[in-house]
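Structure record follows, encoded as structure tokens.
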Protein chains: 2
Amino acid sequence: MQLGKRKESILAATVDMYIRTGEPVGSKTIEKMLNNTVSSATIRNDMAELSAMGYLEQPHTSAGRIPTAAAFRLYIDHLMNRRNLSEKVCRNIDGLLKSVADDPERLIDEASQALAESTGFAAVTTTPSGQSAEVKKIEVIPISPRAAVLFLVTSCGLIRTKVCRFDQEIGSQALEILAKVLNEYFCGGLLADIGLPQVQSMVASLGEYGLACVPALTAFYQLVQETAESEVLLKGQLNLLKHPDYDPVRAGKLIDFLTRGETLADLLSAIPKGLNVVFGSECKRPELDGTSLIVSQYNTGGRPDGYIGIIGPLRMDYAAAIPLIEYFATSIGKILDEMMGINSDGSEK
Amino acid sequence: MQLGKRKESILAATVDMYIRTGEPVGSKTIEKMLNNTVSSATIRNDMAELSAMGYLEQPHTSAGRIPTAAAFRLYIDHLMNRRNLSEKVCRNIDGLLKSVADDPERLIDEASQALAESTGFAAVTTTPSGQSAEVKKIEVIPISPRAAVLFLVTSCGLIRTKVCRFDQEIGSQALEILAKVLNEYFCGGLLADIGLPQVQSMVASLGEYGLACVPALTAFYQLVQETAESEVLLKGQLNLLKHPDYDPVRAGKLIDFLTRGETLADLLSAIPKGLNVVFGSECKRPELDGTSLIVSQYNTGGRPDGYIGIIGPLRMDYAAAIPLIEYFATSIGKILDEMMGINSDGSEK
DNA sequence: TTTTAGCACTCTTTAAGCCCGAGTGCTAAC
DNA sequence: GTTAGCACTCGGGCTTAAAGAGTGCTAAAA
């Protein structure tokens with residue numbers, strides 16, 4: 001569907017202005033934006049056609065026009081001028097991310113926070129999925145006669161611990177054997193490959209200590225599950241409240257919806273690789289109507305892993321936000337890869 | 001300052017009703033609440049006097065009356081009827097807390113969440129201060145030729161880890177010695193007693209490994225600091241938005257204020273032991289005007305430790321909330337004590 | 001055929017005016 | 001000291017009027 005040069009500039013100008021002000025845009029405003037190269041009457045005619053084509057709509061007869069979701073889509077895909085990040089911004093981001101480059105979870109956390117702050121919207125991220133990570137090291141550390149801590153490190157640098165209590169006193173010898181056997185069986189293997197049957201089979205391998213170690217094996221299995229689960233992180237929800245596009249009630253409903261992590265996770269999992277803009281109106285969720293999700297996957301080891309993006313009203317500054325998110329996504333990917341490199345062979349870069 | 005029986009019941013009824021509806025209360029309403037034992041005219045006279053005494057105020061001439069902060073103070077201290085917790089509620093709380101009784105941080109986290117949910121306000125808590133905790137166990141676990149994880153367990157069951165990177169490859173022997181020496185020096189001692197000088201002096205004690213271990217010692221010191229710091233936790237901020245007493249702008253400002261953890265920590269630190277109700281108007285913070293803080297310290301080992309409480313508008317159901325918070329505080333104290341007991345000698349209860 | 005100027009028309013927003021009701025304070029009687 | 005009665009006050013809600021912004025259409029110009 002071709003629009004013609006002039007209609008395109010009119011549509012682009014309309015979207016630009018609407019993004020800036022949030023109010024219906026009239027023909028006179030556009031006339032000024034195009035430096036009076038065409039008269040408002042011509043623009044009115046074109047706008048009428050754009051309305052008929054489904055790109056613009058009027059809240060009421062005597063108001064200006066508002067871009068539809070279709071207009072935003074076209075704007076994002078073809079019409080807008082991406083504003084590339086300034087040197088300074090890039091350096092700030094690099095500095096921030098480098099400073100937390102030893103803990104994958106903190107990395108994501110800080111990136112999320114920074115994204116929320118710099119865009120003024122809510123940021124959504126997921127931690128690297130443990131699925132593709134390998135078990136790097138398991139330790140069992142006694143902390144009292146009847147309790148021990150299980151300790152797990154993955155190839156991507158994730159460190160997790162879990163307390164495990166025993167029914168009766170357990171000797172340090174049993175725990176040593178347990179650690180040894182667990183490492184022998186699972187080290188170097190994928191986290192995702194550790195299932196209940198594998199763990200259960202350990203009881204036999206532990207010989208005389210098998211029965212006493214059952215609580216530890218249960219805890220180990222739970223720990224693996226917890227570690228493999230990728231977590232959804234939401235930051236800056238409160239920013240949404242400050243936005244004039246959301247009245248408090250809608251913002252509240254939206255935040256409620258986002259806070260239920262599973263639903264958000266579902267939403268993300270349906271998103272293809274690379275950078276995507278998803279409009280709420282395209283999902284079936286009524287709470288998401290009028291909101292938009294700009295999200296990109298970050299890669300680790302050349303494969304798509306987690307997500308990072310922002311959630312806000314349809315009317316966001318896409319031209320600035322999209323390059324920003326892309327930069328975050330590639331930076332995170334790079335840093336995670338470096339971390340994995342360091343962790344696996346100790347060589348820097 | 002004596003009020004007399006009747007004025008007291010009138011004031012109590014006014015506060016009760018205002019808490020329930022949030023609207024100015026008129027003399028006829030009070031008449032009904034007192035079962036027509038006195039006429040509305042008499043009540044009007046008394047209310048006029050209560051206004052003169054500073055307990056009630058009128059938004060405008062032709063409206064009912066609203067209790068002042070002084071009235072709330074009197075209500076909380078003398079007038080209200082505490083509503084004790086039902087058996088069922090107690091059991092629910094006990095069940096919830098027991099289920100997370102192996103991790104002090106999760107315990108506080110869950111308690112906070114539950115308190116926020118059941119009151120419908122924001123809950124504020126602080127984790128047990130590591131200050132009074134002892135070092136229970138230190139481990140150093142190599143995870144790559146150039147990196148290791150420091151692992152710290154305290155007497156109150158807190159488990160913390162920190163990654164430490166070395167400039168050059170470090171042998172497992174050096175790490176073993178490091179762990180041994182750290183344990184010898186610090187195990188059983190108070191976390192609060194570990195200062196920079198103590199850690200620095202370790203370089204000498206490590207002999208030939210001293211220099212290589214400097215990054216680990218730095219990380220250890222940081223880890224101790226992080227562990228000793230008691231953290232402020234805020235849950236259910238969004239509940240405040242839903243409350244009709246807060247317009248969105250004020251709620252936003254309040255939440256912003258609360259989210260800056262330090263200021264909240266300052267506020268808490270000025271609170272005496274036991275249960276307290278602090279009115280925002282009593283602090284100098286303009287953001288807190290019209291809000292109230294019900295908070296109690298919980299004890300561990302017989303001494304006041306952290307805080308748990310709720311933040312909401314002046315108009316809260318104190319009669320229900322106060323017993324609830326007290327119950328949470330004593331339960332948390334008990335469970336933390338038990339945890340410390342289990343962790344130190346392995347005996348249950 | 002396309003663009004532009006002009007104008008009547010539509011529809012929201014804002015302000016002003018008005019009435020209604022809730023609640024008070026006062027007075028006089030009990 | 002308590003109560004009934006009544007005039008008075010003041011905010012909330014409703015209606016009406018005016019102002020303003022923007023459109024769509026028509027007819028003329030390019």
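Chain letters run A, B, ... following the sequence lines, proteins first and then strands; every chain starts at 1. Side chains are part of it too, since the values below use all heavy atoms of this structure and drop only hydrogens, waters and symmetry mates.
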>> Taking the nucleotide of DNA chain D with the nearest heavy atom to each, does A/S62 or B/N45 sit closer to the 5' end?
In response: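 The 5'-side residue here is B/N45.
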Quiz prompt | Whichever of B/I43 and B/P59 has its nearest DNA chain D nucleotide further upstream toward 5' | solution =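 With B/I43 and B/P59 compared, the 5'-side residue is B/I43.
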What integer distance in Å separates [X]:[atom1] from [N]:[atom2]?
{"X": "B/K28", "N": "C/dG21", "atom1": "NZ", "atom2": "P", "result": "13 Å"}
{"X": "A/H60", "N": "C/dT13", "atom1": "NE2", "atom2": "P", "result": "6 Å"}
{"X": "A/E49", "N": "C/dT3", "atom1": "CD", "atom2": "C1'", "result": "13 Å"}
{"X": "B/K5", "N": "D/dT2", "atom1": "NZ", "atom2": "P", "result": "16 Å"}
{"X": "A/R6", "N": "C/dT1", "atom1": "CZ", "atom2": "C1'", "result": "12 Å"}
{"X": "B/E31", "N": "C/dT24", "atom1": "CD", "atom2": "C1'", "result": "14 Å"}
{"X": "A/I66", "N": "D/dG22", "atom1": "CD1", "atom2": "C1'", "result": "13 Å"}
{"X": "A/M47", "N": "D/dA21", "atom1": "CE", "atom2": "C1'", "result": "13 Å"}

Taking OP1 and OP2 of [N], is either one under 4.0 Å from a side-chain nitrogen or oxygen of [X]?
{"X": "A/Q58", "N": "C/dT10", "value": "no"}
{"X": "A/R44", "N": "C/dG6", "value": "no"}
{"X": "B/S40", "N": "C/dG23", "value": "no"}
{"X": "A/T61", "N": "C/dT12", "value": "no"}

Of all the nucleotides listed (D/dT3, C/dA5, C/dT24), which has the minimum atom distance to the side chain of B/S27?
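Nearest to the side chain of B/S27 among the choices is C/dT24.
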- Query: On the ring face of A/F279, is A/R73 found with NZ or CZ under 6.0 Å from the centre and within 45° of the axis?
  - Reply: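 Yes, a cation-pi geometry holds between A/R73 and A/F279.
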Base, sugar-phosphate or nothing for A/A63? Non-hydrogen atoms, less than 4.0 Å.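 Touches sugar-phosphate only.
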Do B/F72 and B/Y18 have side chains that get closer than 4.5 Å, going by heavy atoms?
->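 Result yes, sub-4.5 Å side-chain heavy-atom pair found.
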Enclosure of B/K7 NZ (heavy-atom neighbours >12, cutoff 6.0 Å):
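Yes, the 6.0 Å shell around NZ holds more than 12 heavy atoms from other groups.
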Under the salt bridge (Lys or Arg N to Asp or Glu O under 4.0 Å) rule, what do A/R44 and A/E31 come out as? Steps first, then yes or no, please. CA-CA 10 Å; A/R44 272 203 294 283; A/E31 187 181 18; over 6 Å; no
**Prompt:** What distance separates A/L258 CG from A/T263 OG1, expressed to the nearest 0.5 Å?
**Reply:**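 It is 7.5 Å, given to the nearest 0.5 Å.
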